[in-house]
Chemist: 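Before we start, here is the structure in question, set down as structure tokens.
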Amino acid sequence: MNKTLMFVGAGPFQLPGILKAKSMGLRVVAIDGNPDAPGLGIADIPVVLDVKDRNGAIALGKLHHIDGVLTIASDIAVPTVAAVAEELGLPGIRSSVAEVATNKALMRKILSEKGISSPQFRQVRTLEETRRAVSELGLPVVIKPTDNAGSRGVRKISANDETDGSYQVSKEHSRSGDLIVEEFMNGSEVAVDGFIQNNKMYILSICDKIRTDPPFLLDTTIIFPTRYPGDIVDSIRRLATDAVSAMGLDDCPYHMEILITENGPRIVEVAARGAGFKVFSDIIPLITGVDTIETSIRMSLGLDVRIEITKNKAAVLKFFSARPGILKSIQGLQEAKNVDGVFDLEIYVKPGDCIH
């Protein structure tokens with residue numbers, strides 16, 4: 001295939017995409033601010049460039065006459081991907097849509113205006129504004145950065161004396177300094193993953209999530225497929241389709257979280273990219289038979305894609321935690337990988353690291 005594809009990002013989660021592109025005969029341009037990013041070592045044209053540098057990426061795309069641009073499961077790279085695609089007339093979401101998909105305050109505003117079921121919220125920047133938002137919305141509430149992902153800086157506030165500390169934690173994880181305070185929705189969370197192309201919605205996976213106790217709201221276990229009955233699954237599908245349409249997503253993968261409350265499903269967040277931690281690149285293909293990486297590549301190049309579920313398997317993604325301290329050693333890793341039923345296992349810490 002005589003085409004050139006740009007990857008915005010060259011870290012570990014981009015590797016499956018870069019390797020797949022190379023196997024398809026594509027010429028790969030890859031950018032990353034980390035000169036040691038593993039993808040730079042295998043790209044045809046590796047460039048050390050911050051993934052947030054939209055103008056730099058656009059100039060690079062023009063220089064190398066790229067035919068497509070994408071990122072794999074990276075929220076921070078989505079605005080740059082959109083800017084490059086828009087400037088060069090390539091397939092993908094537009095910058096205005098990327099802004100909505102990566103700014104939780106804008107997302108909440110759009111969903112509210114379109115009548116999509118989601119929580120009441122206030123956008124805040126200062127501690128005083130946060131205190132006022134907590135008072136107006138009423139406890140409990142959730143505070144989070146408008147511009148981060150992976151539950152970074154997300155805290156539940158159950159009492160007034162938790163407001164100041166939660167504000168500081170959330171503020172530390174915000175790149176812009178903007179936060180949102182929103183009503184706490186009580187219920188169980190599911191995630192919906194798939195693609196949207198030519199305004200046609202493809203739902204590949206609906207999974208259940210088990211989370212930590214407040215104030216932290218982090219996933220500990222993700223179960224594929226969901227255990228909810230058909231009528232609730234139908235309502236999840238309808239809400240997911242309405243949310244994607246309201247936000248204007250098209251020609252991209254999506255990942256969204258939905259809370260199943262006593263009043264029905266409600267949107268938590270929607271992202272214009274695949275899920276991280278190998279869900280998009282490994283788990284969804286394993287349980288559905290859909291090659292999500294190749295589909296993304298072909299979609300970014302404007303090529304025909306065929307999205308058809310050929311498998312109906314189950315999987316569990318489990319995050320293990322350890323007691324606080326200094327990690328001394330890791331043992332039994334290979335033996336654990338060899339356990340029947342284990343598809344993959346990865347440890348993100350190394351001896352000498354401080355475990356919090």
Side-chain angles (χ1 to χ4, degrees), residues 7 9-24 28 30 32-43 46 71-77 149-152 191 193 204-205 207-213 216 218-227 253 255 273-297 309-356:
F7 280 84
F13 290 132
Q14 306 300 319
L15 274 179
I18 295 173
L19 289 169
K20 172 66 75 170
K22 295 276 287 182
S23 73
M24 293 169 65
V28 174
D32 201 292
N34 177 12
D36 297 321
L40 295 180
I42 58 176
T71 190
I72 305 295
S74 172
D75 217 51
I76 195 173
S151 297
R152 297 176 185 87
D193 291 277
L204 298 181
S205 167
C207 61
D208 297 331
K209 290 189 170 191
I210 298 174
R211 313 197 81 182
T212 57
D213 293 329
F216 302 104
L218 300 167
D219 300 334
T220 59
T221 308
I222 305 176
I223 304 164
F224 305 80
T226 179
R227 294 167 290 181
H255 168 70
R273 43 96 181 159
F277 286 101
K278 300 189 178 183
V279 171
F280 182 72
S281 60
D282 291 48
I283 295 178
I284 292 178
L286 179 71
I287 64 175
T288 67
V290 175
D291 189 330
T292 52
I293 300 297
E294 182 170 340
T295 299
S296 294
I297 290 172
I309 295 175
T310 59
K311 295 179 181 179
N312 184 23
K313 293 188 174 182
V316 175
L317 173 59
K318 175 74 176 179
F319 295 93
F320 295 97
S321 60
R323 65 180 185 272
I326 303 298
L327 180 62
K328 291 184 177 179
S329 65
I330 300 169
Q331 300 174 11
L333 183 60
Q334 192 56 50
E335 292 88 340
K337 287 183 177 182
N338 291 336
V339 170
D340 187 37
V342 173
F343 176 77
D344 194 16
L345 186 155
E346 192 162 355
I347 294 179
Y348 295 93
V349 291
K350 61 184 182 302
D353 285 353
C354 181
I355 308 299
H356 297 286

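A quick note: this is a predicted structure, and the numbers were derived from the prediction, not measured.
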Chemist: Kindly give the heavy-atom pair with the smallest separation between Thr310 and Gly289, and that separation in Å.
Modeler: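 Nearest heavy atoms, Thr310 then Gly289: OG1-CA, 3.6 Å.
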Chemist: Does Lys311 have any salt bridge (Lys or Arg N to Asp or Glu O under 4.0 Å) partners at least two apart in sequence or in another chain, and if so, which?
Modeler: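 With neighbours one apart ignored, the set is empty.
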Chemist: Compare every heavy atom of Ile284 with every heavy atom of Asp193, then report the nearest pair and how far apart it is.
Modeler: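 Heavy atoms only, the tightest pair is CB-CD1, 3.5 Å.
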Chemist: So do the side chains of Ile293 and Leu19 get within less than 4.5 Å of each other, counting heavy atoms only?
Modeler: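 They are not in contact (no side-chain heavy atoms under 4.5 Å apart), so the answer is no.
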Chemist: Just verifying a value: how many Å separate Arg273 CZ and Ile76 CD1, rounded to the nearest 0.5 Å?
Modeler: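 The distance works out to 11.5 Å.
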Chemist: Between Thr71 and Gln14, is a side chain to side chain contact (heavy atoms under 4.5 Å, CB included) present by the stated rule, with each step listed?
Modeler: CA-CA 7 Å; Thr71 190; Gln14 306 300 319; 3.3 Å; yes
Chemist: Looking at residues at least two apart in the chain, or sitting in another chain, which of them share a side-chain contact (heavy atoms from CB on, under 4.5 Å) with Ile330?
Modeler: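 Only Leu327, Ile347, Pro351 meet the side-chain contact (heavy atoms from CB on, under 4.5 Å) criterion with Ile330.
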Chemist: Can you tell me how far CG of Leu15 sits from CD1 of Ile42, rounded to the nearest 0.5 angstrom?
Modeler: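 Output value for this atom pair is 5.0 Å.
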Chemist: Sort out for me which residue in Ile222, Val316, Thr226 forms a side-chain contact (heavy atoms from CB on, under 4.5 Å) with Asp208.
Modeler: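 Among Ile222, Val316, Thr226, the one that satisfies the side-chain contact (heavy atoms from CB on, under 4.5 Å) with Asp208 is Thr226.
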Chemist: How far apart are the closest heavy atoms of Ile326 and Gly352, and which atoms are they?
Modeler: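 Closest heavy-atom pair between Ile326 and Gly352: CG2-O, 3.9 Å.
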Chemist: Per the ring-ring contact (aromatic ring centres under 6.0 Å, His included) rule, what does the pair list look like for residues 317-356, sequence neighbours excluded?
Modeler: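 For residues 317-356: Phe277-Phe319, Phe277-Tyr348.
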Chemist: To check you understand the geometry: which heavy-atom pair defines the closest contact between Pro285 and Val279, and what is its length?
Modeler: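 Shortest heavy-atom contact: CD-O, 4.2 Å.
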Chemist: Below 4.5 Å, heavy atoms only, C-beta onward: do Thr292 and Leu204 meet side chain to side chain?
Modeler: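 They are in contact (side-chain heavy atoms under 4.5 Å apart), so the answer is yes.
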Chemist: When rounded to the nearest 0.5 angstrom, what is the spacing between CG in Asn338 and CG in Leu333?
Modeler: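 The CG atom of Asn338 sits 9.5 Å away from the CG atom of Leu333.
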Chemist: Please list, chain by chain and in numerical order, all residues satisfying side-chain contact (heavy atoms from CB on, under 4.5 Å) with Ala73, sequence neighbours excluded.
Modeler: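 By the side-chain contact (heavy atoms from CB on, under 4.5 Å) rule, Ala73 matches no residue at all.
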Chemist: Looking only at heavy atoms, what is the nearest atom pair of Ile18 and Ala30, with distance?
Modeler: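 Result for this residue pair: CD1-CB, 4.2 Å.
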Chemist: Going by salt bridge (charged side-chain N to carboxylate O under 4.0 Å, His left out), name the pairs with one or both residues in residues 340-356, residues two or more places apart or in two chains.
Modeler: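 Every pair satisfying salt bridge (charged side-chain N to carboxylate O under 4.0 Å, His left out) with a residue in residues 340-356: Lys278-Asp344, Lys278-Glu346, Lys350-Asp353.
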Chemist: If I take atom CD from residue Glu335 and atom CG from residue Leu345, how far apart are they, to the nearest 0.5 angstrom?
Modeler: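 Atom-to-atom, Glu335:CD and Leu345:CG are 11.0 Å apart.
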Chemist: Which value, rounded to the nearest 0.5 Å, describes the distance between Lys313 atom NZ and Thr288 atom OG1?
Modeler: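 The OG1 atom of Thr288 is 10.5 Å from NZ of Lys313, to the nearest 0.5 Å.
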Chemist: In the structure I gave you, are the side-chain heavy atoms of Lys20 and Asp291 within less than 4.5 Å of one another anywhere?
Modeler: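 Lys20 reaches Asp291 side chain to side chain.
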Chemist: Can you list the residues that meet the salt bridge (Lys or Arg N to Asp or Glu O under 4.0 Å) rule with Asp219, with sequence neighbours excluded?
Modeler: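 For Asp219, the residues satisfying salt bridge (Lys or Arg N to Asp or Glu O under 4.0 Å) (neighbours in sequence not counted) are Lys209, Arg211.
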Chemist: When you measure from the side chain of Thr220 to the backbone of Thr212, do you find a donor-acceptor pair of N or O atoms at a distance under 3.5 Å?
Modeler: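 Not at all, since once roles are kept as given, no pair shorter than 3.5 Å links the two residues.
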Chemist: Please report the closest heavy-atom contact between Ala275 and Phe280, naming both atoms and the distance.
Modeler: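 For Ala275 versus Phe280, the nearest heavy atoms are O-CB, 3.1 Å.
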Chemist: When rounded to the nearest 0.5 angstrom, what is the spacing between OG in Ser74 and CZ in Phe13?
Modeler: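 Reported value, rounded in 0.5 Å steps: 10.0 Å.
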